[in-house]
Amino acid sequence: MACVHRGGSGSAASLGQNGLFGDEEEERRAFSKIVRLAASRELCASHARQRLARDGFDGDAAERAVRRACACGLIDDRRYADAFVRSRLAQGRGRAGIERELASCAIDVADLPGWPDEYLPAEGPDEAQRAYECVARNPPRSKNPQAAACRKLLARGFSYDAAFAAARRYARGCREDPRGHF
């Protein structure tokens, strides 16, 4: 069953009988929407499906449009995951949070070539060091600096071990210099 696409600039001339689009027309409009979305930023298949559903496209037409976009390279989950991981690491996000976010997009991080070695090299800082740098760069203000630092780091996607180790180190620094300057 096709439904009327409620967004965009559909003209009355392009509407089928009873105001419904034909299956091919609905798929074409869904694909055009994907092209516009992909022109502004990288897109994964899951987000494309969600956006098309939110914009009122028929599920079957949307699925065909997403498959077509994947086939022609407009949508590539690996390319999306690569860009996503690099941007989240640059933002100071933790490995566990990145993996959770990718899983919510139906992307298995194990399918990402080079994960985690290429993205988190062995000679670079470990997760606890990156967590400490994150909290030291933008310190939380609280009567209990260790708890505040731990909450902040867990919210940013760092593992429990890394968050607690960095929070302990940060709290030690606060006790040594109560003004919070390191």
Side-chain angles (χ1 to χ4, degrees), residues 1-11 14 16 20-131 133-134 137 152-163:
M1 176 177 155
C3 66
V4 176
H5 172 61
R6 292 174 180 83
S9 59
S11 66
S14 68
L20 298 176
F21 294 113
D23 286 344
E24 294 81 22
E25 178 67 12
E26 184 82 358
E27 181 182 343
R28 186 192 63 75
R29 292 173 59 81
F31 185 75
S32 293
K33 179 71 170 190
I34 291 172
V35 169
R36 286 191 306 276
L37 292 171
S40 62
R41 70 183 187 101
E42 196 64 58
L43 198 61
C44 70
S46 173
H47 287 164
R49 283 185 196 94
Q50 290 170 1
R51 180 63 187 265
L52 292 173
R54 188 178 80 206
D55 288 349
F57 286 98
D58 175 62
D60 292 336
E63 184 59 35
R64 286 191 306 272
V66 168
R67 279 197 304 262
R68 181 176 164 202
C70 289
C72 70
L74 259 173
I75 295 176
D76 184 341
D77 283 348
R78 282 188 179 173
R79 189 176 62 221
Y80 172 82
D82 178 63
F84 181 84
V85 167
R86 290 182 192 286
S87 74
R88 289 302 191 260
L89 288 173
Q91 293 171 2
R93 300 291 178 161
R95 178 179 173 173
I98 292 170
E99 290 174 351
R100 269 194 310 272
E101 285 187 74
L102 285 174
S104 75
C105 296
I107 298 174
D108 186 7
V109 75
D111 294 339
L112 185 60
W115 177 260
D117 301 330
E118 184 180 313
Y119 299 93
L120 302 165
E123 65 273 356
D126 65 351
E127 181 98 349
Q129 178 61 32
R130 287 187 327 101
E133 290 169 0
C134 176
R137 200 173 31 250
K152 179 179 186 159
L153 293 170
L154 289 172
R156 292 190 67 93
F158 287 96
S159 68
Y160 287 106
D161 292 339

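Just so you know, residue 1 is the first one in the sequence shown, and it goes up from there.
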**Q** Nearest 0.5 angstrom please: F84 CZ to R93 CZ, how far?
**A**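 So the gap between those two atoms works out to 8.5 Å.
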**Q** Tell me, do C134 and R156 make a side-chain contact under 4.5 Å, heavy atoms counted?
**A** yes
**Q** Between atom CG of L153 and atom CD of E127, what is the distance when rounded to the nearest 0.5 Å?
**A**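 One gets 9.5 Å once the value is rounded to the nearest 0.5 Å.
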**Q** Could you pull out the closest heavy-atom pair between A131 and A162, with the gap in Å?
**A** CB-O, 4.0 Å
**Q** CZ/F57 to CZ/R49 distance, rounded to the nearest 0.5 angstrom?
**A** 15.0 Å
**Q** Check whether any side-chain heavy atom of D60 sits under 4.5 Å from a side-chain heavy atom of E27, and report yes or no.
**A**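 When only atoms from C-beta onward are counted, E27 and D60 do not touch, as no gap falls below 4.5 Å.
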**Q** Hey, what do you get for CG (L102) to CG (L112), rounding to the nearest 0.5 Å?
**A** 7.5 Å
**Q** Looking at every heavy atom in both R100 and L154, which two are closest together, and how far apart are they?
**A**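 The answer is NH2-O, 4.4 Å.
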**Q** Can you find a heavy atom in the side chain of L120 that is under 4.5 Å from one in the side chain of R130?
**A**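 Yes, side chains in contact.
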**Q** More than 12 heavy atoms of other residues, nucleotides or ligands under 6.0 Å from CZ of R64: is that the case?
**A** yes
**Q** Which heavy-atom pair separates F31 from C72 by the least distance, and what is that distance?
**A** CZ-SG, 4.1 Å
**Q** Does R79 use its side chain to pair, donor to acceptor, with the backbone of L74 at less than 3.5 Å?
**A** yes
**Q** Restricting to non-hydrogen atoms, name the atom on A45 and the atom on V66 that form the minimum distance, rounded to 0.1 Å.
**A**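 Taking every non-hydrogen atom into account, CB-CG1, 3.9 Å.
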**Q** Within this structure, what is the SG-OH distance for the pair C105 and Y80, rounded to the nearest 0.5 Å?
**A**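 These two atoms lie 4.0 Å from each other.
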**Q** Under 4.5 Å between any side-chain heavy atoms of S32 and R28, yes or no?
**A**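 With C-beta onward as the side chain, the pair touches.
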**Q** Would D111 and R78 count as a salt bridge (Lys or Arg N to Asp or Glu O under 4.0 Å) here? Give the steps.
**A** CA-CA 8 Å; D111 294 339; R78 282 188 179 173; 5.7 Å; no
**Q** Test salt bridge (Lys or Arg N to Asp or Glu O under 4.0 Å) on R137 and E133 and set out the steps.
**A** CA-CA 6 Å; R137 200 173 31 250; E133 290 169 0; 5.0 Å; no
**Q** Measure the CG-CD distance between L52 and E26 for me, rounded to the nearest 0.5 Å.
**A** 9.0 Å
**Q** Do the side chains of R95 and W115 get nearer than 4.5 Å, heavy atoms only?
**A** yes
**Q** Grab the two heavy atoms, one from D77 and one from I107, that are nearest each other, plus how far apart they are.
**A**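 Closest pair (atom of D77, atom of I107, distance): O-CD1, 3.9 Å.
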**Q** For I75 versus A48, what's the shortest heavy-atom pair and its separation?
**A**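 Smallest interatomic distance, heavy atoms only, reads CD1-CB, 3.7 Å.
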**Q** Any non-hydrogen side-chain atom of C70 less than 4.5 Å from a side-chain atom of D76?
**A** no
